[in-house]
Amino acid sequence: MAYWLFKTEPSECSIDDFVKAPDKPIVWEGVRNYQARNMLRDKVQHDDLVFIYHSSCKIIGIAGIARVVASAYADPSQFDNTSVYFDGKSSPDVPRWVAVDVIFVEKFPHIISLDKLKSSAKLNELPAVQKGSRLSVMPVTPEQWQTILQLG
DNA sequence: GCCAACGTTGGC
DNA sequence: GCCAACGTTGGC
């Protein structure tokens, strides 16, 4: 079992969308970065736990936890020409992008802010706190996971 | 809205 | 395969 951090803009998908439908898997689609895709496709497994990170918003930070309930499959949005995630260069025969399904586990009473994450020396290696990091799917070590939980 | 830091594209 | 130009991300 592994740990991950998934970035999302809460205007697109926030922890509250999970809270609203706690038993309904959410399709984690729209990852359009090769490094992130490779991790989604090759490493993210059923039952892995995921920090949900809110980016590009007022309160930036980790908002809660979700669990992976379906490992990688072809991201349907890449074939949907009405979707902002449509990719005309991808084909059903050789899908370029993948999605996973995640389900609600927990919403934190307070978002663990980016400032707080940066304040812990133990999290220096976490890509999320590093300047210029644009990974939308990133690994979290068990030690980092525990450190972050204690910050919350 | 600015802009630094990346990532991707495409001509050569 | 290099690299300039362009596009995107994401914190501020």
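Numbers restart at 1 for each chain; the letters A, B, ... are given by sequence-line order, proteins then strands.
Residue Gln130(A) places its CD atom among more than 12 non-hydrogen atoms of other residues, nucleotides or ligands, all under 6.0 Å distant.
Across all non-hydrogen atoms, the minimal contact from Leu126(A) to Val140(A) is CD1-CG2, 4.1 Å.
For DNA chain C, none of the residues of residues 11-19 of chain A falls under the heavy-atom distance limit of 4.0 Å. Within a heavy-atom distance below 4.0 Å of DNA chain C, the residues of residues 48-61 of chain A found are Tyr53(A), Ser55(A), Ser56(A), Ile60(A).
Once you apply a 4.0 Å limit to the heavy atoms of chain A, the touched nucleotides of DNA chain C run 5' to 3' over dG7(C) to dC12(C).
In this structure, Trp145(A) and Phe51(A) have parallel ring planes: the angle between them is below the 30° cut-off, well short of the 60° mark.
Transitive grouping of hydrophobic side chains (ILVMFWY, heavy atoms separated by less than 4.5 Å) keeps Val31(A) and Tyr34(A) in distinct clusters. Cluster annotation: Trp4(A) is connected to Met1(A) through the hydrophobic network of ILVMFWY side chains, with a link wherever side-chain heavy atoms come within less than 4.5 Å.
A salt bridge links Asp47(A) with Arg67(A); the closest basic N to acidic carboxylate O contact falls under 4.0 Å. A salt bridge between Arg37(A) and Asp75(A) is absent, with no side-chain N of the basic residue lying under 4.0 Å from a carboxylate O of the acidic one. Using a 4.0 Å cut-off between charged side-chain N and carboxylate O, Asp115(A) and Lys118(A) make no salt bridge. The existence of a salt bridge linking Asp16(A) and Lys107(A) is confirmed by a sub-4.0 Å separation between a basic side-chain nitrogen and an acidic carboxylate oxygen.
In this structure, the separation between CD on Glu9(A) and OG on Ser55(A) is 5.0 Å, given to the nearest 0.5 Å.
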